[in-house]
Colleague: 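This is the structure, below, for whatever I ask next.
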Amino acid sequence: MGVQVVGRAFARAVRQEYAASQAAAQARGRSGQQSAATSSITGMSLQEAQQILNVPTLTPEDIEKMISTRHIFNDKSLGGSFYLQSKVVRAKERLEEELNIQRQQEKQQNVET
């Protein structure tokens, strides 16, 4: 008897979690799909790129400021690492792609309204 109750509760919890994840996916809409595609192409997630450059918000000014700082610190002639310098470049590319996605979304929203 107790096993049936636990089994039903577990099945109900799984259905609720599935419905919640579907609703979240629909709320993200196309931007979530584009962002995921960009992550798979560049090989770096948005969060990883933000951590590498220490950029909490996606603004072009913050990104450029942190890129120049990180690039100088990792200059090979100054004893830096080419590997880390390349990670900075990849992070910059990933964040620029995300900014492009956001701009496209804004344009679509402006056209729709």
Side-chain angles (χ1 to χ4, degrees):
M1 181 81 157
V3 174
Q4 289 179 344
V5 172
V6 171
R8 286 186 198 140
F10 180 74
R12 189 174 325 132
V14 168
R15 282 192 299 269
Q16 288 174 349
E17 183 61 32
Y18 180 76
S21 68
Q22 291 297 320
Q26 287 177 351
R28 281 190 307 255
R30 241 171 142 38
S31 67
Q33 292 171 355
Q34 287 175 337
S35 185
T38 302
S39 292
S40 67
I41 290 170
T42 61
M44 184 179 294
S45 70
L46 177 61
Q47 290 80 18
E48 182 181 4
Q50 286 179 309
Q51 287 176 348
I52 289 171
L53 293 178
N54 195 24
V55 179
T57 59
L58 288 176
T59 60
E61 298 81 24
D62 289 344
I63 294 170
E64 286 301 320
K65 183 176 77 171
M66 294 310 289
I67 286 171
S68 63
T69 304
R70 298 283 190 258
H71 215 291
I72 291 169
F73 285 153
N74 293 308
D75 189 2
K76 192 167 180 137
S77 65
L78 298 175
S81 166
F82 178 74
Y83 172 76
L84 292 177
Q85 202 172 35
S86 67
K87 287 295 259 187
V88 168
V89 171
R90 298 295 164 254
K92 173 188 176 235
E93 291 172 351
R94 176 63 178 94
L95 293 177
E96 286 175 343
E97 283 296 318
E98 194 66 29
L99 286 172
N100 288 337
I101 290 170
Q102 288 179 359
R103 286 185 198 119
Q104 288 174 354
Q105 286 178 343
E106 289 172 3
K107 285 181 184 178
Q108 287 177 352
Q109 289 175 354
N110 291 337
V111 169
E112 292 173 0
T113 57

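One is the number of the first residue; the rest follow in order along the sequence.
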Colleague: Hydrophobic side-chain clustering at under 4.5 Å (ILVMFWY, transitive links): who's grouped with Tyr83? Put none if nobody.
Modeller: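 When side chains under 4.5 Å apart are linked, the cluster holding Tyr83 also contains Leu84.
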
Colleague: Name all residues meeting the salt bridge (charged side-chain N to carboxylate O under 4.0 Å, His left out) criterion together with Glu64; count only those two or more places apart in sequence or in a different chain, and write none if there are none.
Modeller: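 Once residues adjacent in sequence are excluded, Glu64 has no partner under the salt bridge (charged side-chain N to carboxylate O under 4.0 Å, His left out) criterion.
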
Colleague: Please give me the minimum heavy-atom distance between Leu58 and Leu99, naming the atom from each residue.
Modeller: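 Leu58 and Leu99 have their closest heavy atoms at O-CD2, 3.5 Å.
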
Colleague: Could I get the full list of side-chain hydrogen bond (donor to acceptor under 3.5 Å, both in side chains) partners for Gln50, not counting sequence neighbours?
Modeller: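 With sequence neighbours excluded, Gln50 shows a side-chain hydrogen bond (donor to acceptor under 3.5 Å, both in side chains) to no residue whatsoever.
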
Colleague: Calculate, to the nearest 0.5 Å, the distance between atoms NZ and OG1 belonging to Lys65 and Thr59 respectively.
Modeller: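 The distance works out to 8.5 Å.
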
Colleague: Rounded to the nearest 0.5 Å, what separates atom OG1 in Thr57 from atom CD1 in Ile63?
Modeller: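 Taking OG1 in Thr57 and CD1 in Ile63, the distance rounds to 8.0 Å.
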
Colleague: Shortest non-hydrogen contact from Val55 to Met66?
Modeller: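 For Val55 versus Met66, the nearest heavy atoms are CG2-CG, 3.9 Å.
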
Colleague: Would you call Ile52 and Met44 a side-chain contact if the rule is heavy atoms closer than 4.5 Å?
Modeller: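 A side-chain contact exists here, since the closest heavy-atom pair is under 4.5 Å.
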
Colleague: Might you point out which heavy atoms bring Glu98 and Leu46 nearest each other, and give the distance in Å?
Modeller: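 In this case the closest contact between Glu98 and Leu46 is CG-CD1, 3.8 Å.
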
Colleague: CD/Gln109 to NZ/Lys107 distance, rounded to the nearest 0.5 angstrom?
Modeller: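 Gln109 atom CD to Lys107 atom NZ measures 13.0 Å (nearest 0.5 Å).
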
Colleague: Scan the side chains in residues 10-17 for donor-acceptor partners under 3.5 Å anywhere in the protein, sequence neighbours excluded, and list what turns up.
Modeller:
none

Colleague: Output all residues satisfying side-chain contact (heavy atoms from CB on, under 4.5 Å) with Ser77, sequence neighbours left out; order by chain, then residue number.
Modeller: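 Checked Ser77 against side-chain contact (heavy atoms from CB on, under 4.5 Å); matches are Asp75.
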
Colleague: Salt bridge between Glu106 and Arg103, side-chain N to carboxylate O under 4.0 Å?
Modeller: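 Between Arg103 and Glu106 there is no salt bridge, as every charged N stays at least 4.0 Å from the carboxylate O atoms.
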
Colleague: Is any side-chain N of the basic residue among Lys87 and Glu48 closer than 4.0 Å to the acidic one's carboxylate O?
Modeller: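 Here Lys87 pairs with Glu48 in a salt bridge, since their nearest N and O are under 4.0 Å apart.
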
Colleague: Pairs in or reaching into residues 54-63: which pass salt bridge (Lys or Arg N to Asp or Glu O under 4.0 Å), with residues at least two apart or in two chains?
Modeller: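 Output for this query is empty, none listed.
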
